[in-house]
**Q** 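The structure's right below; bear with me while I get my questions together.
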Amino acid sequence: MIRSEASCFLFESARPFYLCRSCSFESVVMLLALASMEGVVREGASAVAPIAKWRNDFSRLFQYYLDRSTPHMTERWLGTLAVAVIYILRVYFIQGFYIVSYGLGIYILNLLIGFLSPKVDPEMEVLDGASLPTKGSDEFKPFVRRLPEFKFWYAITKAFCIAFMMTFFSVFDVPVFWPILLIYWMALFVLTMKRQIMHMIKYKYIPFDMGKQKYGGKKSAASSSGSRKD
């Protein structure tokens with residue numbers, strides 16, 4: 001009768017185990033290593049499972065409230081304004097972390113360009129034979145942003161929160177002459193906005209709701225009924 005490697009371990013009450021003669025030292029070491037590894041894996045899995053469950057529940061709850069805040073645009077931006085004021089006061093009172101503020105300003109400027117730009121570049125539309133409507137007789141095409149309003153708000157709010165957390169770590173407080181950073185950012189803002197406005201004038205689009213055509217169903221129906229009576 002052939003005995004397996006596992007049968008080399010015979011547990012008794014007086015002693016933990018003893019080795020049979022057919023069992024080699026290498027196989028015993030291998031079995032002990034496998035048993036210890038299995039115990040470590042089980043303990044690690046049991047410790048990680050509650051953390052993974054808590055993380056999953058938190059992300060699901062966060063996404064639920066994030067979806068519910070979508071139609072409340074004014075309240076969302078007021079909350080972002082409050083976060084921005086808290087960050088500005090934090091930087092003002094501690095007199096530091098100017099490089100973090102500069103990076104935050106560059107990031108917000110990049111988001112603003114995406115928010116003001118159309119999803120499809122008008123230059124490509126001109127090459128394809130299609131363009132934005134420039135006359136009253138042209139077909140109306142709604143302005144579709146490259147960066148939607150909700151994603152724009154969420155990215156700015158998250159950026160302010162991350163910058164605020166970075167102010168608690170001195171490693172990010174790089175000593176710089178902040179007026180130079182401020183002047184450079186203002187110059188960059190003016191040049192970028194000038195280029196964006198020139199692009200808007202060239203292709204005749206407005207990245208806002210005002211000035212766009214709106215469907216007047218009731219007015220058109222009333223006019224059509226009046227013409228019929230005449």
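Note: hydrogens, waters and symmetry copies are ignored here, and every other heavy atom, side chains too, is used.
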**Q** Under 4.5 Å between any side-chain heavy atoms of Lys158 and Trp153, yes or no?
**A**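 No. Closest side-chain heavy atoms not under 4.5 Å.
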
**Q** Taking CE in Met193 as the centre, count heavy atoms belonging to other residues, nucleotides or ligands within less than 6.0 Å. Is the count above 12?
**A**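 More than 12 within 6.0 Å, yes.
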
**Q** Could you pull out the closest heavy-atom pair between Ala159 and Leu104, with the gap in Å?
**A**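 Shortest heavy-atom separation between Ala159 and Leu104 comes out as CB-CD1, 3.6 Å.
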
**Q** Will you find, in the side chains of Gln95 and Trp178, an N or O donor that is under 3.5 Å from an N or O acceptor?
**A**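 Checked: Gln95/Trp178 side chains show no N/O donor-acceptor pair below 3.5 Å.
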
**Q** Does Leu109 belong to the same Ile/Leu/Val/Met/Phe/Trp/Tyr cluster as Ile183, with side-chain heavy atoms less than 4.5 Å apart forming each link?
**A**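 Different clusters: Leu109 never reaches Ile183 through Ile, Leu, Val, Met, Phe, Trp or Tyr contacts under 4.5 Å.
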
**Q** What is the distance from atom CG of Asp67 to atom CZ of Phe62, rounded to the nearest 0.5 Å?
**A**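 Rounded to the nearest 0.5 Å, the CG-CZ separation comes to 10.0 Å.
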
**Q** In Å, rounded to the nearest 0.5 Å, how long is the span from CD1 of Ile106 to OG1 of Thr192?
**A**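 Output value for this atom pair is 8.0 Å.
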
**Q** Can you check whether Tyr184 reaches Tyr102 side chain to side chain, under 4.5 Å on heavy atoms?
**A**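 A side-chain contact under 4.5 Å exists here.
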
**Q** How are the rings of Tyr203 and His199 set to each other: parallel, tilted or perpendicular (split at 30° and 60°)?
**A**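 It falls in the tilted class, 30° to 60°.
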
**Q** If you measure from CZ on Phe160 to CG on Leu81, what distance do you get to the nearest 0.5 Å?
**A**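 Going from CZ on Phe160 over to CG on Leu81, the span is 9.0 Å.
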
**Q** So how far is it from Ile156 CD1 to Phe115 CZ, rounded to the nearest 0.5 Å?
**A**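 One finds 8.5 Å between CD1 of Ile156 and CZ of Phe115.
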
**Q** Side chains of Phe172 and Ile99, heavy atoms from C-beta outward: is any pair under 4.5 Å?
**A**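 Side chain of Phe172 against side chain of Ile99, heavy atoms only: no contact under 4.5 Å found.
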
**Q** Do Leu66 and Gln63 touch side chain to side chain, with heavy atoms closer than 4.5 Å?
**A**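 They are in side-chain contact.
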
**Q** Cluster question for you: counting only ILVMFWY and a side-chain heavy-atom cut-off of under 4.5 Å, with indirect links fine, are Trp77 and Leu111 together?
**A**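 Trp77 clusters together with Leu111.
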
**Q** So, taking the atom named CG in Asn110 and the one named CG in Leu147, what distance separates them when rounded to the nearest 0.5 Å?
**A**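 Between atom CG of Asn110 and atom CG of Leu147 there are 9.0 Å.
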
**Q** What is the ring orientation for Phe58 with Trp54, classed by angle as parallel under 30°, tilted 30 to 60°, or perpendicular over 60°?
**A**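 Taking Trp54 first and then Phe58, their aromatic rings lie parallel (interplane angle under 30°).
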
**Q** With the side chain counted from C-beta on, respond yes when Arg76 and Met73 share a heavy-atom pair under 4.5 Å apart, and no when they do not.
**A**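 Yes, their side chains come closer than 4.5 Å.
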
**Q** Would Thr167 and Tyr87 count as having a side-chain donor-acceptor pair, cut-off 3.5 Å?
**A**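 No.
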
**Q** According to a 4.5 Å side-chain heavy-atom criterion applied to Ile, Leu, Val, Met, Phe, Trp and Tyr, with indirect links allowed, do Ile162 and Phe164 form part of one hydrophobic cluster?
**A**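 Yes, it is one cluster - the side chains of Ile162 and Phe164 are joined through contacts under 4.5 Å.
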
**Q** Keeping Ser59 on the side-chain end and Asn56 on the backbone end, is there a donor-acceptor pair under 3.5 Å?
**A**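 Pair found, side chain donor or acceptor close to backbone of Asn56.
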
**Q** Measuring only between side-chain heavy atoms, which start at C-beta, is Pro118 closer than 4.5 Å to Arg145?
**A**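 Not in contact.
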
**Q** Can Arg146 be said to sit on top of Phe152's aromatic six-ring, NZ or CZ under 6.0 Å from centre and within 45° of the ring axis?
**A**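 Verdict for Phe152: no cation-pi partner in Arg146.
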
**Q** Just verifying a value: how many Å separate Leu89 CG and Ile94 CD1, rounded to the nearest 0.5 Å?
**A**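 Leu89 CG to Ile94 CD1: 11.0 Å, rounded to 0.5 Å.
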
**Q** Can you confirm whether Phe97 sits close enough to Met166 that some side-chain heavy atom of one is under 4.5 Å from a side-chain heavy atom of the other?
**A**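 No. Closest side-chain heavy atoms not under 4.5 Å.
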
**Q** Take a 6.0 Å sphere around CZ of Phe168 and say whether it holds more than 12 heavy atoms from other residues, nucleotides or ligands.
**A**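 Counting neighbours around CZ of Phe168, more than 12 heavy atoms of other residues, nucleotides or ligands fall under 6.0 Å, so yes.
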
**Q** Verify the cluster assignment for Met186 and Leu112: are they in a single hydrophobic cluster under the rule of side-chain heavy atoms below 4.5 Å apart?
**A**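 Hydrophobic grouping puts Met186 with Leu112.
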
**Q** Determine the minimum heavy-atom distance between Leu181 and Tyr98, stating which atoms define it.
**A**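 Residues Leu181 and Tyr98, closest heavy atoms: CD1-O, 4.1 Å.
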
**Q** Report yes if some heavy atom in the side chain of Gln196 is under 4.5 Å from a heavy atom in the side chain of Ser117; otherwise report no.
**A**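 When only atoms from C-beta onward are counted, Ser117 and Gln196 do touch, with a gap below 4.5 Å.
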
**Q** With the 4.5 Å side-chain cut-off for hydrophobic clustering, are Ile180 and Val91 part of the same group?
**A**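 Not linked; separate clusters.
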
